[in-house]
Amino acid sequence: MGENIYQAPQADLHMIETKRGSPIKAVLIAATVDIVGSAVVSILMGIAYAAFFISRGMPIEQVKNLSFASLWSPFGIINCVFGSLFSIYAGYLCASIVNHREYRIVTILALLSTAVGFLLDGASFRLSDDIFLCVLTFACIYLGAWVHVRRKEKKRD
């Protein structure tokens with residue numbers, strides 16, 4: 001009984017109350033960033049790729065017939081890197097907007113992003129490439145969420 005019964009209880013002043021965001025808002029905003037950002041980069045890269053071949057003297061008719069759909073071409077790899085960066089940012093953005101149950105909400109974002117990517121693909125890739133892209137998208141989105149969760153934990157310490 002070493003405590004003074006007349007003393008007010010001590011409060012933990014280091015607790016930081018986290019503001020919770022809307023899961024629907026978080027998923028919609030992050031999915032828009034991921035899908036539109038990846039599509040815009042892909043279109044701009046396609047234009048740059050075509051301009052490169054035209055500047056090298058390739059006729060425009062031949063450039064129109066080029067296939068940019070190979071995942072393992074230099075165009076495909078660079079496009080994949082930029083798409084991955086957008087997915088990482090979208091995962092971070094989703095987790096920071098929702099700010100609670102981050103991984104559960106980010107899973108919905110990852111499912112939505114991979115479904116839209118699979119639908120927009122139009123069967124231009126092999127099934128093994130589609131599976132690789134789905135796994136990569138999930139990994140990148142979870143990486144973004146993980147970065148947010150780690151930063152949030154460090155702020156509490």
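For clarity, every value in this text was computed on a predicted model and none was experimentally measured.
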Which atom of L111 lies closest to which atom of F138, heavy atoms considered: CD2-CZ, 3.6 Å
Exceeds 12 heavy-atom contacts within 6.0 angstrom, atom CG of L44: yes
Min side-chain heavy-atom separation L136-C80 under 4.5 Å: yes
Transitive ILVMFWY side-chain link V98 to V149, under 4.5 Å: no
Hydrophobic cluster membership, I141 vs L143, 4.5 Å side-chain cutoff: yes
Interatomic distance, F53 atom CZ to I60 atom CD1 [nearest 0.5 angstrom]: 14.5 Å
Sub-4.5 Å side-chain heavy-atom contact between L112 and I108: no
N99 side chain to K19 backbone, donor-acceptor under 3.5 Å: yes
Cluster check V40, L85: I/L/V/M/F/W/Y, side chain < 4.5 angstrom: no
Closest non-hydrogen atom pair between T114 and C134, with its separation: CG2-O, 3.7 Å
Minimum heavy-atom distance between T137 and S113, given as atom pair plus value: CG2-CB, 4.1 Å
Straight-line distance of Y142 OH to L109 CG, nearest 0.5 Å: 9.5 Å
Check: S42 side chain, S38 main-chain N or O, donor-acceptor pair, under 3.5 Å: no
Closest heavy-atom pair and its distance - P23, I105: CB-CD1, 3.6 Å
Atom of A90, atom of D34 and distance for their closest heavy-atom approach: CB-CB, 3.6 Å
Aromatic contact, F82 with F86 (centres under 6.0 Å): no
Same cluster (ILVMFWY, side-chain, under 4.5 Å), I35 and V27: yes
Atom pair CG/OG of L71 and S73 - distance to nearest 0.5 Å: 7.5 Å
Verify same cluster id: V33, I97 (apolar side-chain graph, 4.5 Å): yes
Any side-chain heavy-atom pair of C94 and I29 under 4.5 Å: no
Nearest non-hydrogen partners of Y103 and A145, listed with the distance: CE2-CB, 4.1 Å
Parallel, tilted or perpendicular, as decided by the 30° and 60° cut-offs, for the rings of H148 and Y92: perpendicular
Aromatic ring pairing Y49/F52, orientation class (parallel under 30°, perpendicular over 60°, tilted between): parallel
